[in-house]
Asks: 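Pasting in a structure now, in structure tokens, and then I'll have a few things to ask.
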Amino acid sequence: MCTAVVSVLTGRPVSRKLAMTGEITLRGRVLPVGGLKEKLLAAHANGIKKVIVSIENKKDIKEIPQSIQKQMKIVYAEDMSQVLENALL
């Protein structure tokens with residue numbers, strides 16, 4: 001939601017081949033989420049090439065098959081500025 005609002009306000013579109021998951025605090029910190037394996041598998045199945053996840057979810061990536069990891073660029077973000085840097089065109 002936050003990325004979409006910034007996209008509209010700045011006129012910078014969000015990449016169509018991008019997915020992201022995480023919770024944002026009021027101060028812009030990106031928090032981890034559960035079910036990352038299932039989310040990334042679904043993203044891959046739908047042609048997503050790049051995903052942005054919380055750096056705190058890095059430990060969960062080992063659950064993703066290597067073949068899928070090689071086909072997706074996984075970006076780890078600590079705060080909203082890193083999300084926007086990687087999400088907006």
Asks: Under a 4.5 Å cut-off applied to non-hydrogen side-chain atoms, are Met72 and Lys49 in contact?
Replies: no
Asks: Same cluster or not: Met20 versus Val51, using hydrophobic residues (I, L, V, M, F, W, Y) connected whenever any side-chain heavy atoms lie under 4.5 Å apart?
Replies: no
Asks: Check whether Lys39 reaches the backbone of Gly34 with its side chain - one donor and one acceptor, N or O, closer than 3.5 Å.
Replies: yes
Asks: Are Ile24 and Arg29 packed together at the side-chain level, in the sense that at least one heavy-atom pair is separated by less than 4.5 angstrom?
Replies: no
Asks: Can a donor-acceptor pair be found, under 3.5 Å and without considering hydrogens, that links the side chain of Asp79 to the backbone of Ser81?
Replies: yes
Asks: Test Ile52 against every option in Thr21, Leu18, Ile74 by the side-chain contact (heavy atoms from CB on, under 4.5 Å) rule and name the one that passes.
Replies: Leu18
Asks: How far does NZ of Lys73 sit from CD1 of Ile48, to the nearest 0.5 angstrom?
Replies: 14.5 Å
Asks: Report the C-alpha distance between Gln69 and Ile61 in whole Å, list the side-chain angles of each, state the deciding distance to 0.1 Å, and finish with yes or no for side chain to side chain contact (heavy atoms under 4.5 Å, CB included).
Replies: CA-CA 8 Å; Gln69 287 185 46; Ile61 295 299; 3.5 Å; yes
Asks: Give, for atom OG1 of Thr10 and atom CG of Leu88, the distance between the pair rounded to the nearest 0.5 Å.
Replies: 5.5 Å
Asks: Rounded to the nearest 0.5 Å, what separation is found between the CD atom of Glu63 and the NZ atom of Lys59?
Replies: 9.0 Å
Asks: Hydrophobic clustering (ILVMFWY, side-chain heavy atoms < 4.5 Å, transitive) - are Val33 and Leu40 grouped together?
Replies: no
Asks: Report yes if some heavy atom in the side chain of Asn86 is under 4.5 Å from a heavy atom in the side chain of Ser15; otherwise report no.
Replies: no
Asks: Determine whether Val75 and Lys50 make a side-chain contact, defined as any pair of heavy atoms from C-beta on separated by less than 4.5 Å.
Replies: yes
Asks: Keeping to residues at least two apart or across chains, list the salt bridge (Lys or Arg N to Asp or Glu O under 4.0 Å) pairs with something in residues 6-27.
Replies: none
Asks: Using the rule that Ile, Leu, Val, Met, Phe, Trp and Tyr join whenever any side-chain heavy atoms are under 4.5 Å apart, tell me whether Ile55 and Val83 fall into a single cluster.
Replies: no
Asks: Is it true that, when you exclude Lys37 itself, more than 12 heavy atoms of the residues, nucleotides or ligands shown sit nearer than 6.0 Å to its NZ?
Replies: no
Asks: Is there a side-chain contact between Thr3 and Leu84 in this structure, where contact means two heavy atoms from C-beta onward sitting under 4.5 Å apart?
Replies: yes
Asks: Keeping Asn57 on the side-chain end and Val53 on the backbone end, is there a donor-acceptor pair under 3.5 Å?
Replies: no
Asks: Measuring from atom NE2 of His44 to atom OG of Ser67, what distance do you get when rounded to the nearest 0.5 angstrom?
Replies: 7.0 Å
Asks: Can you confirm whether Val14 sits close enough to Ser7 that some side-chain heavy atom of one is under 4.5 Å from a side-chain heavy atom of the other?
Replies: yes
Asks: Taking everything shown except Lys70 itself, do over 12 heavy atoms lie less than 6.0 Å from its NZ?
Replies: no
Asks: Would Met80 and Tyr76 show up in the same hydrophobic cluster when neighbours are defined by side-chain heavy atoms closer than 4.5 Å?
Replies: no
